[in-house]
Number of protein chains: 2
Amino acid sequence: MTAASIRARVRAEMTDEIKAVARRHLATDGANLSLRAVARDLGMASSAVYRYFASRDELLTAMIIDAYDALGSTAEAAVGGTGFTDRFLSVCHSVRDWALAHPHEWALIYGSPVPGYQAPRDTVGPAVRVILVIGRIVGEASAAGEAAAGEPIGGKLGDDLAFVAEQTAPGTPPQLIARAMGAWIHLCGAVSAELFGQLNNTIEARREFFELQMRGAAAMISRPL
Amino acid sequence: MTAASIRARVRAEMTDEIKAVARRHLATDGANLSLRAVARDLGMASSAVYRYFASRDELLTAMIIDAYDALGSTAEAAVGGTGFTDRFLSVCHSVRDWALAHPHEWALIYGSPVPGYQAPRDTVGPAVRVILVIGRIVGEASAAGEAAAGEPIGGKLGDDLAFVAEQTAPGTPPQLIARAMGAWIHLCGAVSAELFGQLNNTIEARREFFELQMRGAAAMISRPL
DNA sequence: CCCTTGGCAAGAGCAGTGCTCTCTTTTGTG
DNA sequence: CACAAAAGAGAGCACTGCTCTTGCCAAGGG
């Protein structure tokens, strides 16, 4: 009916269906899911799937983008509470909760890159959403005087950080951006450590441990070195 | 000649040779290296390799243990300098340098776990070596009064941390252990972020950025929340 | 309303994989 | 030195990603 013809609509639906089944397989087989198995589950020939995704890598790319977007919206929706620490912790827990619910998708986006695989440009947009959320919170905290800047950073690193600041939260001092990125790295590291088994046989009180870590990260942001 | 007969020695040499070739393949193909391809490189039938490793997973396990050990000795050898921060930074940089030199081996041990793969007990010993190094440095700093403990931690998490303290650096307050683990997580997160492409198109001054992050982690340890 | 054409699905096929089984050869050792 | 144990080779099974060819079918223009 619309300019996007019936064909296009059916095609989009089929594409979504393939992705849905692939996501199910992802939950059991991880990144080495089989395109043929997905096709079998859909009752179609494996060659037919290639009408929708030119290769297995392209399917994976689609799932990576979806995962980034899902995590991104989760984080964006989680910005609640008042005061910097509460808002930050809220985001952290939402990220961790999502990761615990979708471990293989987390592994897909924050785990080791698939060997022969090169992430295309399309992934960078969705990929930065969660760091953007953190950047925004930190920016607001900075504007509200909740976070001191500390000593300025020079050299190439200073330029890099200034550029990120401009893109993320204009007006925020680069030093703060560095600490925000530190918090984000710490967040991803903590979630990955828990998910990838680095805490096995060591820490049982996972949630408490995570919260402690993220409180440390929040404190790191509030006070300069 | 020895109690370990000639057969056993030849077998050990062959095993090492297979691992060496596999490590070379790891550098190009990552975790999905092909046992058959390794066999081809060695000029032997693929079935012959199964005399040495019962499965591809077992080969991977061997490489994981080797990687943990290589990284562990690197970190242990890097404890130099005087004062907590210097010693800590020295270890951090040695870990990062090793990871940059052996990215796929890093991915093998700190990246997403191989899907159907369960790490056997043999890996836990080598796996804890680097966190042990950090724990020891922090313990010494604590003993030297370079790191205040801060508020005690109760509940299950407190017990967990006390247990880790006992195993790692006896006499160190659990709160400090928590911060040491935080630093370790931050370290792994920073290296993984750099290696897995999370910093692409953002931070060019990688080493400076890393150092800044690790200085933050060091400061985090020195002062309580 | 018909008929063309563009898109879709199916199947066979290729090269490669992990792993098993059987058979033969080698080789250290009692 | 004879022999048993260890090692290697090769075929084979079920699977993979991907390509190519063939047949089909309906959407949309005339």
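Heavy atoms only: backbone and side chains are in, while hydrogens, waters and symmetry mates are out.
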What's the [atom1]-[atom2] distance between [X] and [N], to the nearest Å?
{"X": "A:D29", "N": "D:dC15", "atom1": "CG", "atom2": "P", "result": "13 Å"}
{"X": "A:L35", "N": "D:dC18", "atom1": "CG", "atom2": "C1'", "result": "9 Å"}
{"X": "B:E17", "N": "D:dG8", "atom1": "CD", "atom2": "P", "result": "10 Å"}
{"X": "A:E58", "N": "D:dG17", "atom1": "CD", "atom2": "P", "result": "15 Å"}
{"X": "B:L33", "N": "C:dC19", "atom1": "CG", "atom2": "C1'", "result": "15 Å"}
{"X": "B:R9", "N": "D:dA7", "atom1": "CZ", "atom2": "C1'", "result": "17 Å"}
{"X": "B:F53", "N": "C:dG18", "atom1": "CZ", "atom2": "C1'", "result": "16 Å"}
{"X": "B:R56", "N": "C:dG18", "atom1": "CZ", "atom2": "C1'", "result": "8 Å"}

The answer to which of A:R40 and A:A54 contacts DNA chain D further toward the 5' end, by nearest nucleotide, is A:R40
To the nearest 0.5 Å, what is the distance between [atom1] ([X]) and [atom2] ([Y])?
{"X": "A:D66", "Y": "A:D16", "atom1": "CG", "atom2": "CG", "value": "8.0 Å"}
{"X": "A:H102", "Y": "A:L195", "atom1": "NE2", "atom2": "CG", "value": "12.0 Å"}
{"X": "B:I221", "Y": "B:I177", "atom1": "CD1", "atom2": "CD1", "value": "9.5 Å"}

| request: Answer with base, sugar-phosphate or nothing: what part of the nucleic acid does A:L42 contact at a heavy-atom distance below 4.0 Å? | output: nothing
The ring pair (Phe, Tyr, Trp, His ring centres under 6.0 Å) partners of B:F209 (sequence neighbours excluded) come to none
task = Decide if atom OH of A:Y52 counts as having more than 12 heavy atoms of other residues, nucleotides or ligands within a radius under 6.0 Å.
result = yes
Readout for nucleotides 6-13 of chain C: B = base within 4.0 Å of protein heavy atom, S = sugar-phosphate only, - = neither; 5' to 3' it is BSBBBB-B
task = For C:dG28, take OP1 and OP2 only and decide whether either is under 4.0 Å from a side-chain N or O of B:S5.
result = no
Worksheet item: A:H186 vs B:H186 aromatic rings, parallel, tilted or perpendicular, using cut-offs 30° and 60°?
Response: tilted
Would you tabulate the side-chain donor-acceptor contacts of residues 39-51 of chain B under 3.5 Å, counting partners in other chains and residues two or more places apart, or write 'none'?
from  : atom 1 : to    : atom 2 : distance (Å)
B:D41 : OD2    : B:R24 : NH2    : 3.1
B:D41 : OD2    : B:H25 : NE2    : 3.0

